[in-house]
Number of protein chains: 2
Amino acid sequence: MNTTQRTDQQTSADRRRRELLEAADRVVLRDGPHASMNAIAAEAGITKPILYRHFGDKGGLYAALAVRHTDALLASLRAALDAPAQRRQRVESTLDTYLAAIEARPQVYRFLMHPAEGAGTPGDQSEQGFDVGRHSAPLLRRMGEELAQVIEERLDVGPGTQQLARVWGHGIVGMMHAAGDWWLGERPCSREELVRALADLLWGRLAEAGDKAGGPGF
Amino acid sequence: MNTTQRTDQQTSADRRRRELLEAADRVVLRDGPHASMNAIAAEAGITKPILYRHFGDKGGLYAALAVRHTDALLASLRAALDAPAQRRQRVESTLDTYLAAIEARPQVYRFLMHPAEGAGTPGDQSEQGFDVGRHSAPLLRRMGEELAQVIEERLDVGPGTQQLARVWGHGIVGMMHAAGDWWLGERPCSREELVRALADLLWGRLAEAGDKAGGPGF
DNA sequence: ACTCGGGGTTACCGCAAGTAACATGCATGG
DNA sequence: CCATGCATGTTACTTGCGGTAACCCCGAGT
């Protein structure tokens, strides 16, 4: 029958695709985002054109890879975000989840955040105008939107809540990301300390803090 | 004399270098970060090897370019940060300065944030280990450190101020950056609204906000 | 037997980074 | 006045990568 036949093809193609992604994953994790298509194909035991048949171009492959990891990370973040606990507790545990993830697999993190953009096609006439951010790690955007939604669902800050929630979502995610990136590079303190410091920041300790004695005032 | 002679050479080389950077700037701003060395050389009225003599490799050129713009932006941020005003006012004006800058010249911003990293040398054996963040826009790091210093100089949050200041510096810069990136792409509100929303976030409105009625509680 | 389609390969194109080797102009020292 | 640098510039090349065209093989269906 047509249906079973097509199903078989589908699943076989999907399995192949998955195998290829696994191989690509290994190579990217080993060699960084500069891994060449040749290298990935070799790791998968095949040659380039097959990769192109499956993923179109390098951007497609990288996007597929990124989606996998992004989905996984987002799932665990959602769990932390949805846990039944006080708000501060939830915030801290979400921060900690993210930081633990990037700490455990910095190569994955690096790949997700700096995918070395795709737009390298020969006859490429894009890049014109305001396409800022189309490259810059979609992971950040997705996390931002996700957090924005949670904030909007749960918080009440009067009119304009929706707008505020989106700004805050992206802002908080950016804070977490930048602090995490810096922390991962310098390791100036433990993860717990970092989490506390960030949560304190979100809890308004910056605004409440006193001026330094002897300073220029203000 | 040796001294005057060397001085002459120095200044002439420096002038040349500056001219080349101007040309590179034009090309990068026009074509995006994918501008080829050939294109840049052509814009400068010369050929590739000269660029390589001056800047070593593409990474060198891009780094030099980035330093110029980064210095400029940091200078204006410092001004806003050092202005004699209330803390909230200073924070808002710093945020606004940054956002105005990226709004005015998104191409520059895009280039600074996603320099398409350099490490593409053939015999490249780096990228091994934990060098996360060596690529990721040094601009963010510099802004973070700068802000951290200002915070540490002016704020008194008891023991551990220094640690806290650095975390907060990088965190706030990341918040500003991510929110700005998102805002630049979607333009969901005016600059003033964005600035207020971010300042409100830093002022602890997230922690103070009430739970939404009818929600799952907490 | 044949042909048809999915999975695979070799060999190639175009392009950009980076380099070697060669040319030229302008100061200096004999 | 010639020769010797040395900075500045050029042409022409190599290497490596993304991407593609053309061909190949084998198992299934009629």
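Each chain gets a letter, A, B and so on, in the order the sequences are listed, and its residues count up from 1. Quantities reported herein were computed from a predicted structural model and do not represent experimental measurements.
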Problem set entry | Side chain of A:Pro49 (C-beta onward), nearest among D:dG19, C:dA17, C:dT9 | C:dT9
Exercise. What does B:Thr47 touch in the nucleic acid at a heavy-atom separation under 4.0 angstrom: a base, only the sugar-phosphate, or nothing?
Worked result: base
Problem set entry | Cationic N near anionic O, under 4.0 Å, A:Arg196 to A:Glu193 | no
Problem set entry | Phosphate contact (C:dG8 OP1 or OP2) by A:Arg16 side-chain N/O below 4.0 Å | yes
Exercise. B:Asp57 CG to C:dA16 C1': how many Å, rounded?
Worked result: 14 Å
Problem set entry | Side chains of A:Asp181 and B:His170, donor plus acceptor under 3.5 Å | no
Exercise. In whole angstroms, how far is the P atom of D:dA7 from the CD1 atom of B:Ile50?
Worked result: 14 Å
Problem set entry | Distance, rounded to the nearest Å, where A:Leu61 contributes CG and D:dC17 contributes P | 16 Å
For this session: Rounded off to whole Å, could you give me the CZ-to-P distance for the B:Arg15 and D:dT8 pair?
Result: 12 Å
For this session: Could you tell me the separation between the CG atom of A:Asp31 and the P atom of D:dC17, rounded to a whole number of Å?
Result: 11 Å
Seminar exercise, completed: Whichever of A:Lys48 and A:Arg53 has the more 5' nearest nucleotide on DNA chain D, that residue is A:Lys48
Problem set entry | Ring centre gap for A:Tyr62 and A:Phe111 strictly below 6.0 Å | yes
Exercise. Between atom CD1 in B:Ile40 and atom P in C:dA17, what is the gap in whole Å?
Worked result: 8 Å
Problem set entry | Length of the OH-C1' vector between B:Tyr52 and D:dT8, whole Å | 18 Å
Problem set entry | Spacing of B:Leu51 atom CG relative to C:dG18 atom C1', expressed in whole Å | 12 Å
Exercise. Charged N to carboxylate O under 4.0 angstrom, B:Glu92 versus B:Arg88?
Worked result: yes
